[in-house]
Protein chains: 2
Amino acid sequence: MTKPTPKRAWGQAIQNRDEQFEMKRQVVLRTAARTYSERGFHETTLADIAEELNISKPTLYYYFKNKDEILFECHRLGIEAITDGETPMPAAGSCTGRERLEEFLRRYVRMVVDDFGTCLVMTGPNALEPKNRGKVIEGRRKIDQMLRDILQEGAQDGTLDCPDPKMTAMFVFGAMNWLPRWYHSDGGLNIDKLTERLIAFVMRAIAADRCQS
Amino acid sequence: MTKPTPKRAWGQAIQNRDEQFEMKRQVVLRTAARTYSERGFHETTLADIAEELNISKPTLYYYFKNKDEILFECHRLGIEAITDGETPMPAAGSCTGRERLEEFLRRYVRMVVDDFGTCLVMTGPNALEPKNRGKVIEGRRKIDQMLRDILQEGAQDGTLDCPDPKMTAMFVFGAMNWLPRWYHSDGGLNIDKLTERLIAFVMRAIAADRCQS
DNA sequence: CATTTTGTTGACCCATGGGTCGAACAACAA
DNA sequence: TTGTTGTTCGACCCATGGGTCAACAAAATG
């Protein structure tokens with residue numbers, strides 16, 4: 001509870017030098033993402049992050065340019081978790097809009113419950129410096145467009161019934177982005193059940209065949 | 001765009017002394033709520049707020065104890081906008097759960113689009129000092145409970161069909177709380193249409209009579 | 001073992017911004 | 001006019017926290 005991050009995760013595992021470096025970077029990022037999400041970006045000091053890792057503040061600067069870059073990397077990883085998943089989204093036309101929607105929701109929920117996704121959604125892009133902010137906003141816009149396209153496609157192939165894809169997309173994103181604020185993986189609620197419930201909710205709202213499950 | 005807040009809104013209208021005081025307090029609060037929402041609480045300095053009102057920073061301290069109190073008042077007003085509306089919510093049992101749900105959604109959307117409601121939803125309670133945070137969290141909990149109760153009631157009287165009221169409530173709150181992040185009253189989209197769409201969305205998702213409008 | 005490279009840190013710097021103080025000014029009363 | 005109270009502000013204080021630096025430790029290198 002007080003120390004969720006395992007101590008001494010720092011200097012173990014004598015691998016290649018570069019791998020070691022990269023690995024430590026990742027550890028910093030995870031810790032930062034969690035802390036940013038819990039307390040907020042501005043409420044989190046670099047000293048906090050350092051303390052949680054049992055290292056000193058200057059050490060952070062050996063791995064990152066500044067506080068802003070740490071946040072940016074968290075956001076970047078969150079965005080990538082959706083845009084470039086290991087298995088690509090089924091291409092448009094390869095299946096019905098409804099099926100693609102379900103796949104998208106499943107991915108998005110998985111992402112948004114992860115440390116980086118949570119961080120992406122909890123700490124807005126406002127905190128970022130202009131240049132990075134632009135990139136993050138662009139990334140989010142792409143994700144936004146993905147869902148809109150899917151809804152559009154579903155409306156055309158007749159598997160979905162939503163009059164206004166843009167607005168509907170916003171409702172759905174809202175429901176999903178709110179999730180990190182109340183769902184905690186350590187609670188009794190398991191994530192698969194949650195995902196199914198959310199999909200059921202959305203599908204009832206916009207699937208075209210309204211008189212079946 | 002650059003100056004949405006009308007200048008010289010400050011020292012006009014020579015009313016009663018106390019009313020004048022109260023009026024200026026309100027002006028500060030509205031300005032603060034807007035600025036907090038747009039830039040975030042920690043990104044907003046008291047100098048920013050003062051500048052927008054063409055007054056000096058110490059003057060703010062004549063009307064408020066500190067930065068925290070300003071935020072707290074904004075949240076309080078946001079919460080009150082729902083819990084004590086001028087016309088009270090129809091009592092449980094006086095009409096169907098579905099009807100009450102519709103009324104609740106209508107109110108909530110109206111509130112969340114207002115300056116204080118937006119501020120409540122955009123800046124989490126984390127920024128507040130412990131004591132005030134407690135009160136705000138309590139207020140939010142009450143609102144939360146309102147919706148859950150309504151859903152429960154609807155499930156019992158057969159007008160709503162949601163297997164898990166708690167979870168469903170969260171989905172619905174998510175959809176609504178996300179609204180201030182993309183809806184801007186100055187855009188082409190009008191609020192009534194938005195409200196109806198949202199209600200339609202939610203009703204399709206959880207209303208019991210699934211094969212009619 | 002000497003030396004270079006890689007990691008780590010205590011101590012420090014300093015801009016930012018919340019908060020204070022006392023003086024000035026305005027308004028109203030006597 | 002003179003006191004009294006209400007209102008405003010310039011100038012200041014100072015804790016916080018992002019960021020830097022020079023020195024030190026620990027591997028790698030030869």
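All values below come from the heavy atoms of this structure, side chains included, with hydrogens, waters and symmetry mates left out. Here is how names work: the chains are called A, B, and so on, in the same order as the sequence lines, proteins then strands, and each is numbered from 1.
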*Asks:* Could you tell me how far apart B/Ile49 (CD1) and C/dG17 (P) are, to the nearest whole angstrom?
*Replies:* 13 Å
*Asks:* Send over the distance from A/Leu53 CG to C/dT8 P, rounded to a whole Å.
*Replies:* 11 Å
*Asks:* Partners of A/Asp68 by side chain to side chain contact (heavy atoms under 4.5 Å, CB included), sequence neighbours excluded?
*Replies:* A/Asn66, A/Leu128, A/Glu129, A/Asn132
*Asks:* So, using salt bridge (Lys or Arg N to Asp or Glu O under 4.0 Å) as the criterion, who are the partners of B/Glu103 when residues are at least two apart?
*Replies:* B/Arg107
*Asks:* Can you tell me how far P of D/dG18 sits from CG of A/Asn66, to the nearest Å?
*Replies:* 11 Å
*Asks:* A/Ile70 CD1 to D/dG17 P: how many Å, rounded?
*Replies:* 16 Å
*Asks:* Write down the distance between CZ (A/Phe64) and P (C/dG7), rounded to a whole number of angstrom.
*Replies:* 14 Å
*Asks:* Under the salt bridge (Lys or Arg N to Asp or Glu O under 4.0 Å) test, which residues partner A/Arg39, sequence neighbours left out?
*Replies:* A/Asp48, A/Glu52
*Asks:* Assign a letter to each nucleotide of nucleotides 4-15 of chain D from its 5' end: B, base within under 4.0 Å of a protein heavy atom; S, sugar-phosphate only; -, no contact.
*Replies:* --SBBBBB----
*Asks:* Is it true that A/Arg141 and A/Glu138 have a side-chain N and a carboxylate O under 4.0 angstrom from each other?
*Replies:* yes
*Asks:* Who are the ring-ring contact (aromatic ring centres under 6.0 Å, His included) partners of B/Phe173, not counting sequence neighbours?
*Replies:* B/Tyr108
*Asks:* Whole-Å distance between C/dT8 P and A/Leu46 CG?
*Replies:* 16 Å
*Asks:* Just to verify, what does B/Asp164 make a salt bridge (Lys or Arg N to Asp or Glu O under 4.0 Å) with, not counting sequence neighbours?
*Replies:* none
*Asks:* Return the value, rounded to whole Å, for the distance between atom NE2 of B/His42 and atom C1' of D/dT16.
*Replies:* 13 Å
*Asks:* Return the value, rounded to whole Å, for the distance between atom CG of A/Leu128 and atom C1' of D/dG18.
*Replies:* 16 Å
